[in-house]
Q: 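Encoded as structure tokens, here's the structure I'll be asking about.
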Amino acid sequence: MIPRAAIFLLFWVAFSGRIVLACSCAGPGPVPCGEFSPTSLVFVGTVESIENPPPDFDQAAKSSVDMRTVDQSGYARYYFRVDEKISGTQTTDIDVFSGRGGADCSYHFQKGEQYLVFPYKSDDGRLMATICSETRPVELAQPKLAVLRAMRDHQPVASLYGSMRSVQQPYGSVSDDYYGKPVVDTRMILRSDKNTLQAKTDANGNYAFFGVPAGKYHVEADLPQHFEIAQTILSEPVPPIDLPQNACYEYNVDVLPTGRIRGKVVGPDGNALPYASVELYRPSLYRGDGRSLGWSESQDLKKPEFVFEHVAAGDYILVYNDQERIEPTTPYPRMFYPGARELGQAQIIHVEEGQEISGLEFRVSGGRATRPITVRLVATNGELPDINYVEARGNDGSSLSEQRLSPGVFSIQVFPGIRYEMHGSGYCTATHKELNTPVGVVDGSEAGPRELVLTFPGPGCPTKSDSDDDNE
């Protein structure tokens with residue numbers, strides 16, 4: 001069996017020009033099913049006690065505690081009673097360690113709870129658990145446990161297995177207890193160009209397909225009206241599953257509602273604001289203190305409207321600039337749809353199951369004037385860095401966000417009366433080189449220039465022909 005790997009990813013945030021370090025997990029994807037390796041340790045166990053437990057992050061958040069002041073160092077030690085031996089152990093109790101941070105890939109077990117555990121051995125010999133392994137509460141592990149037991153007992157193993165659940169978009173501002181339940185007693189279809197197979201979910205929403213030939217498959221299901229198999233957060237269709245021969249791949253199916261809310265944020269002149277972002281809340285979940293984390297969608301120059309996909313039935317409010325940070329991309333104060341300053345004047349948007357609410361016009365007003373600057377990045381020789389962006393800072397201490405118009409061309413909103421310094425930054429993946437342009441200065445006044453050219457000096461990145469020559 002191939003464990004998932006914990007990796008740290010660098011995310012480039014397009015609207016802030018910042019690099020953010022975050023924990024993420026990369027899985028191997030569908031692979032041929034193998035036997036347990038001699039070093040594989042897998043067990044079902046109950047946490048009997050915890051030494052040096054991690055902080056209570058939920059309670060800290062409710063108390064508005066600055067998490068930078070909370071001690072997250074060291075390791076928590078979890079004492080497990082082994083309830084079922086799957087692989088690699090003959091003992092009846094095991095100690096497992098994990099980090100204590102909120103974003104360090106650590107797994108925070110709860111005392112008295114039962115888990116399926118996939119620890120790994122660290123260089124110092126300790127057994128460690130991370131969120132990037134297949135460790136999970138045992139109630140969420142039944143499909144996996146069935147496969148592990150079959151492998152242990154040398155029984156037939158499912159080629160594709162998992163659970164199917166009704167979910168909503170994973171934002172706390174729109175949560176509803178109706179969702180997160182298993183889709184039970186439902187026919188599922190696994191379809192490729194050459195093969196069609198059927199299975200049925202059980203009373204817990206779990207399913208299994210056996211003897212699936214290699215191929216690319218789509219999953220279908222006989223679902224209730226106004227629901228569909230889809231991805232959370234992403235709007236693209238669910239990609240096919242590329243199964244190899246003799247696969248044993250876990251694949252959990254998300255079923256989402258098909259409701260939708262779409263509209264435009266417009267300024268006093270009636271034109272759509274190119275950088276406007278709005279947040280969606282159920283009225284009962286909106287706190288109104290500027291610290292809520294709402295489901296946010298944006299419009300831009302290429303798509304001058306906001307769209308909320310897979311919206312569950314219910315009542316909602318829309319909020320613009322909830323944090324009331326007046327910046328060139330959000331030059332207007334907090335407002336509520338359809339254009340009110342006070343929450344009590346907000347219009348409730350009611351969505352029926354599967355309904356599309358469209359044509360909303362969210363009018364904002366009372367803000368500061370802005371104007372756009374076009375920034376072009378060019379290279380003296382060679383080509384532009386394949387990763388490139390603009391960093392801009394005003395003499396008022398503000399940082400600006402850019403909107404990519406085309407490769408190397410960006411639009412940046414500025415405030416009149418502010419002097420801005422801008423430079424291009426880039427990274428050449430072929431040579432692993434970071435590049436920067438000299439700093440250019442822009443006056444935000446209406447009489448100032450509307451275009452700025454920033455040039456990467458020197459050879460820049462190699463041209464395609466140079467890269468081809470290097471590879472020969």
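Positions are given from 1 along the sequence.
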Q: Tell me if the aromatic rings of Phe109 and Phe80 count as close, with their centers under 6.0 Å from one another.
A: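 That pair passes the under 6.0 Å test.
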Q: With a 4.5 Å heavy-atom cut-off, do Leu41 and Leu127 have their side chains touching?
A: yes
Q: Heavy-atom distance under 4.5 Å between the side chains of Leu116 and Val42, does that happen here?
A: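 Contact flag for Leu116/Val42 side chains = yes.
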Q: To the nearest 0.5 Å, how far apart are OG1 in Thr92 and CD in Gln90?
A: 11.0 Å
Q: Is the positively charged end of Arg126 above the ring of Phe97, judged by distance under 6.0 angstrom from the centroid and angle within 45° of the axis?
A: yes
Q: Is it the case that Ser425 and Asn436 place a side-chain donor and acceptor less than 3.5 Å from each other?
A: yes
Q: State, to 0.1 Å, how close Val157 and Cys33 come at their nearest heavy-atom pair, and which atoms those are.
A: CG1-SG, 4.2 Å
Q: Between His310 and Gln169, is any side-chain donor less than 3.5 angstrom from a side-chain acceptor?
A: no
Q: Counting only heavy atoms not in Glu236 (residues, nucleotides, ligands), do more than 12 fall under 6.0 Å from its CD?
A: yes
Q: Does Glu220 use its side chain to pair, donor to acceptor, with the backbone of Met188 at less than 3.5 Å?
A: no
Q: Is Arg260 salt-bridged to Glu352, going by a charged N under 4.0 Å from an acidic O?
A: no
Q: Rounded to the nearest 0.5 Å, what separation is found between the CG atom of Leu190 and the CG atom of Leu197?
A: 5.5 Å
Q: Do Thr232 and Asp254 have a side chain donor and acceptor closer than 3.5 Å?
A: no
Q: So His432 and Tyr427, would you call those rings parallel, tilted or perpendicular, with 30° and 60° as cut-offs?
A: tilted
Q: Ignoring hydrogens and angles, state whether a donor on the side chain of Tyr79 or Glu51 is under 3.5 Å from an acceptor on the partner side chain.
A: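 On atom types as modelled, these side chains qualify, holding a pair under 3.5 Å.
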Q: Hey, which of Asp242, Leu243, Leu160, Thr196 is the one that makes side chain to side chain contact (heavy atoms under 4.5 Å, CB included) with Tyr217?
A: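 Among Asp242, Leu243, Leu160, Thr196, the one that satisfies the side chain to side chain contact (heavy atoms under 4.5 Å, CB included) with Tyr217 is Leu243.
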Q: Would you name the heavy atoms of Phe209 and Val212 that are closest together and state the gap between them?
A: CB-CG2, 3.7 Å
Q: Do the non-hydrogen side-chain atoms of Val44 and Val117 ever get within less than 4.5 Å of each other?
A: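 Of all side-chain heavy-atom pairs linking Val117 with Val44, none is under 4.5 Å.
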Q: Classify the side-chain pair Ser87/Ser40 by whether it contains a donor and acceptor separated by less than 3.5 Å.
A: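 No, no side-chain donor-acceptor pair sits under 3.5 Å.
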Q: Between Tyr275 and Ser411, do the side chains contain an N or O donor and an N or O acceptor separated by less than 3.5 Å?
A: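 Yes.
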Q: Could you verify whether a donor N or O on one side chain and an acceptor N or O on the other, from Ser163 and Asn252, lie under 3.5 Å apart?
A: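 Result is yes, a qualifying pair exists.
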Q: Do you know the tightest heavy-atom contact between Pro156 and Ala150?
A: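 Shortest heavy-atom separation between Pro156 and Ala150 comes out as O-CB, 3.5 Å.
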Q: Are the side chain of Arg393 and the backbone N or O of Leu400 linked by a donor-acceptor pair below 3.5 Å?
A: no
Q: Would you find more than 12 non-hydrogen atoms of other residues, nucleotides or ligands less than 6.0 Å from Asp193 atom CG?
A: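 For Asp193, atom CG is not crowded (no more than 12 foreign heavy atoms under 6.0 Å).
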Q: Is any side-chain heavy atom of Lys144 closer than 4.5 Å to one of Arg136?
A: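 Answer yes - side chains close enough.
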Q: Quick one, Tyr389 with Leu377, criterion side-chain contact (heavy atoms from CB on, under 4.5 Å). Give me CA distance, side-chain angles, the key distance, then yes/no.
A: CA-CA 9 Å; Tyr389 54 96; Leu377 302 182; over 6 Å; no
Q: I need the Phe43 CZ to Leu148 CG distance, nearest 0.5 Å.
A: 13.0 Å
Q: Tyr178 vs Gln168, test: side-chain contact (heavy atoms from CB on, under 4.5 Å). Steps then yes/no.
A: CA-CA 9 Å; Tyr178 176 80; Gln168 57 184 347; over 6 Å; no
Q: Say whether, by atom type as modelled, one donor and one acceptor occur between the side chain of His108 and the main chain of Ser98 under 3.5 angstrom.
A: no
Q: Can you tell me how far apart CG (Leu318) and CG (Asp322) are? Round to the nearest 0.5 Å.
A: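 Atom-to-atom, Leu318:CG and Asp322:CG are 12.0 Å apart.
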Q: Counting N and O atoms only, with roles assigned by atom type, does the side chain of Thr330 sit under 3.5 Å from a partner on the main chain of Asn321, one being a donor and the other an acceptor?
A: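 Answer holds: no.
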Q: In this structure, are over 12 heavy atoms from other groups packed under 6.0 Å from Glu353 atom CD?
A: yes
Q: Side-chain contact, heavy-atom cut-off 4.5 Å: Phe456 with Pro385?
A: yes
Q: Between Glu84 and Arg152 (salt bridge meaning N to carboxylate O under 4.0 Å), is one present in this structure?
A: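 A salt bridge is present here (some side-chain N lies under 4.0 Å from a carboxylate O).
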Q: Just say parallel, tilted or perpendicular for the rings of Tyr251 and Tyr249, cut-offs at 30° and 60°.
A: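 It falls in the tilted class, 30° to 60°.
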Q: We want to know whether Tyr78 and Lys111 form a side-chain donor-acceptor pair, criterion being a heavy-atom distance below 3.5 angstrom.
A: no
Q: Can you find a side-chain donor-acceptor pair between Glu113 and Tyr115 that sits under 3.5 Å?
A: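 Judged by distance alone, the side chains do not pair up.
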Q: What do the steps show when you test Asp315 against Ile349 for side-chain contact (heavy atoms from CB on, under 4.5 Å), and what is the final call?
A: CA-CA 6 Å; Asp315 291 339; Ile349 301 169; over 6 Å; no
Q: Would you name the heavy atoms of Pro55 and Gln72 that are closest together and state the gap between them?
A: CG-CG, 4.3 Å
Q: Heavy-atom count check: over 12 atoms from other residues, nucleotides or ligands less than 6.0 Å from Leu293 CG?
A: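 Counting neighbours around CG of Leu293, 12 or fewer heavy atoms of other residues, nucleotides or ligands fall under 6.0 Å, so no.
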Q: Should we say atom NZ of Lys85 is surrounded by more than 12 heavy atoms from elsewhere, each under 6.0 Å from it?
A: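 For Lys85, atom NZ is crowded (more than 12 foreign heavy atoms under 6.0 Å).
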Q: Verify, without hydrogens or angle tests, whether Thr258 (side chain) and His226 (backbone) share a donor-acceptor contact under 3.5 angstrom.
A: yes
Q: Please answer whether the main-chain N or O of Asp153 pairs with a side-chain N or O of Arg149 as donor and acceptor at a distance below 3.5 Å.
A: no
Q: For the backbone of Gly162 and the side chain of Glu250, can you confirm whether one donor and one acceptor N or O come within less than 3.5 Å of each other?
A: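 Checking the backbone N and O of Gly162 against the side chain of Glu250, no donor-acceptor pair under 3.5 Å is found.
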Q: Counting only heavy atoms not in Phe210 (residues, nucleotides, ligands), do more than 12 fall under 6.0 Å from its CZ?
A: yes
Q: Atom OG1 of Thr46 and atom CD of Gln110: how far apart are they, to the nearest 0.5 Å?
A: 13.5 Å
Q: Can you tell whether the side chains of Glu48 and Arg81 come within less than 4.0 Å, N to carboxylate O?
A: yes
Q: Less than 4.0 Å between a side-chain N and a carboxylate O, is that true for Lys200 and Asp185?
A: yes
Q: Counting only heavy atoms not in Lys303 (residues, nucleotides, ligands), do more than 12 fall under 6.0 Å from its NZ?
A: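 For Lys303, atom NZ is crowded (more than 12 foreign heavy atoms under 6.0 Å).
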Q: Give the C-alpha distance, both sets of side-chain angles, the deciding distance and a yes or no for side chain to side chain donor-acceptor pair (under 3.5 Å) between Asn204 and Gln142.
A: CA-CA 9 Å; Asn204 296 308; Gln142 295 310 307; over 6 Å; no
Q: Are the side chains of Ser296 and Val278 in touch, meaning some heavy atoms are under 4.5 Å apart?
A: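 With C-beta onward as the side chain, the pair stays apart.
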Q: Charged N to carboxylate O under 4.0 angstrom, Arg282 versus Asp176?
A: yes
Q: Nearest heavy-atom pair of Ile412 and Ala392: which atoms, and what distance?
A: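 Between these two residues, the closest heavy atoms are CD1-CB, 4.4 Å.
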Q: The test is side-chain contact (heavy atoms from CB on, under 4.5 Å); show your working for Leu285 and Val174 and say whether it passes.
A: CA-CA 7 Å; Leu285 298 177; Val174 295; 5.9 Å; no
Q: Can a donor-acceptor pair be found, under 3.5 Å and without considering hydrogens, that links the side chain of Thr201 to the backbone of Thr186?
A: yes
Q: Could you measure the distance from the CG atom of Leu280 to the CZ atom of Phe306? Nearest 0.5 Å is fine.
A: 9.0 Å
Q: Check for a donor-acceptor pair, side chain of Arg100 on one end and backbone N or O of Ala76 on the other, with a separation under 3.5 Å.
A: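 A pair under 3.5 Å: no.
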Q: Kindly give the heavy-atom pair with the smallest separation between Pro143 and Tyr161, and that separation in Å.
A: O-CD1, 3.7 Å
